Amino acid sequence: MKIQHPQNWPETAEAAIPIQDQLKSLVVTTDQLESIQYVAGVDVGFLDNYSISQAAVAVLSFPDLQLQEQAITQRKTTFPYLPGFLSFREVPVILDALEKLTITPDLIICDGQGIAHPKRFGLACHLGVLIDVPTIGAAKSRLIGIHQELPPEKGSWQPLIDNGEVIGAVVRSRTNVKPLYVSPGHRISLETSINYVLQCTSKYRLPETTRYADHLASQSD
DNA sequence: GCGACAG
DNA sequence: ATCTTGTCGC
């Protein structure tokens, strides 16, 4: 797919802040998606003691979840890991990987937060706004927000709240396992995000999309 | 000042 | 994120 890479990507939090404040206003958290035929999963890993970032993308058919296409890319890491600024570290490589795809995903499930972020602008929002594709944030752990205890059964969920505002949901993707933190990235509502994450999850805790991407990244051959 | 803190 | 073997439980 054709990707427009932003100019002058920031390398410090100070330079990233104004960009977050500018782009967060472009985030859409209402359903603005077509019928989903292709769902993609993205995962970023590191090599050479973190100096090289590697992104793996897997495109699956929906709802049958069969692998259709995959891509992997590497590039120098230019931004440090700072809670609240993860997208500035991982989005560049992800854009490289997406650019290699022949298929344009109708939806992308990201490994990180969507609006469940201090500025309501997590990795999934940043990626979604830049490429104008619906995205969902499905993180393995919490960044911010509080929630009630969650029943142990697969499918149960509780709203994630920050300052009285619902910013996402804590979702049990599998019975008796740690929950997933789901939040809208771009062009999708929270309810729809939860539904797609569950529909993309079969036998394991993580959605099949991110599992394929994780697997691809760990092989890198 | 003391913790918390996506990956 | 990454370094790593076995092990407990459904």
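Computed from a predicted model, the values in this text were never measured in an experiment. In what follows, chains carry the letters A, B, and so on, assigned in the order in which the sequence lines appear, proteins first and then strands, with residues in each chain numbered from 1. Keep in mind that the numbers below use all heavy atoms, side chains included, and drop hydrogens, waters and symmetry copies.
Per the geometry, CG belonging to Leu86(A) stands 20 Å off P belonging to dA4(B), to the nearest Å. Protein atom OH of Tyr81(A) is 6 Å distant from nucleotide atom C1' of dG7(B), rounded to whole Å. At whole-Å resolution of the value, CD1 in Ile136(A) and P in dA6(B) are 21 Å apart. Atom CG in Leu82(A) sits about 11 Å away from atom C1' in dG7(B), given to the nearest Å. The distance between atom CZ of Phe79(A) and atom C1' of dA1(C), rounded to the nearest whole Å, is 16 Å. Per the geometry, CZ belonging to Arg205(A) stands 17 Å off C1' belonging to dG9(C), to the nearest Å. Rounded to whole Å, atom P of dA1(C) lies 7 Å from atom CG of Asp214(A). A straight line from OH of Tyr181(A) to C1' of dG7(B) spans 15 Å, rounded to a whole angstrom.
Not a single donor-acceptor pair under 3.5 Å links the side chain of Gln37(A) to the backbone N or O of Ser35(A). The backbone N or O of Ala40(A) sits nowhere less than 3.5 Å from a side-chain atom of Thr209(A) that would complete a donor-acceptor pair.
With a cut-off of 3.5 Å on both pairing distances, the Watson-Crick and G-U wobble pairs of DNA chain B never assemble into a stem of 3 or more.
You'll find the ring centres of Tyr50(A) and Tyr81(A) outside the 6.0 Å limit.
Proximity of residues 149-178 of chain A to DNA chain B (heavy atom under 4.0 angstrom from any strand atom) is not detected for any residue. Contact check of residues 39-59 of chain A against DNA chain C (heavy atom, cut-off under 4.0 Å) returns Gly45(A), Phe46(A), Tyr50(A).
At dG7(B), one or more side-chain N or O atoms of Lys140(A) fall inside 4.0 Å of OP1 or OP2 (strictly under the cut-off). In terms of phosphate contacts, Arg142(A) brings a side-chain nitrogen or oxygen within less than 4.0 Å of OP1 or OP2 of dC5(B). Residue Ser141(A) places at least one side-chain N or O closer than 4.0 Å to OP1 or OP2 of dG7(B).
Arg187(A) pairs in a side-chain hydrogen bond (donor to acceptor under 3.5 Å, both in side chains) with only one of the listed residues (Thr30(A), Thr135(A), Thr192(A), Asp132(A)), which is Asp132(A).
Contacts of Gly137(A) with the nucleic acid, taken as non-hydrogen atoms under 4.0 Å apart, are absent. Among the heavy atoms of the strands lying under 4.0 Å from Phe85(A) is at least one base atom, whether or not backbone atoms are also near.
A distance of 6.0 Å separates CG of Leu95(A) from CH2 of Trp9(A), quoted to the nearest 0.5 Å. One distance of note links NZ of Lys178(A) with CZ of Arg142(A); it measures 12.0 Å at 0.5 Å rounding.
There is a path of hydrophobic side-chain contacts, each under 4.5 Å, that joins Leu23(A) to Leu98(A). Residues Ile36(A) and Leu60(A) share a single hydrophobic cluster, defined by chaining ILVMFWY side chains whose heavy atoms lie under 4.5 Å apart.
Few gaps surround NZ on Lys119(A); more than 12 heavy atoms of other groups in view lie less than 6.0 Å from it. The number of heavy-atom neighbours closer than 6.0 Å to CG of Leu47(A), taken from other residues, nucleotides and ligands shown, is above 12. Heavy-atom neighbours of His147(A) NE2 from other residues, nucleotides or ligands within 6.0 Å: above the threshold of 12.
Using a 30° and 60° split on the angle between ring planes, Tyr196(A) and Phe62(A) fall in the perpendicular class, above 60°.
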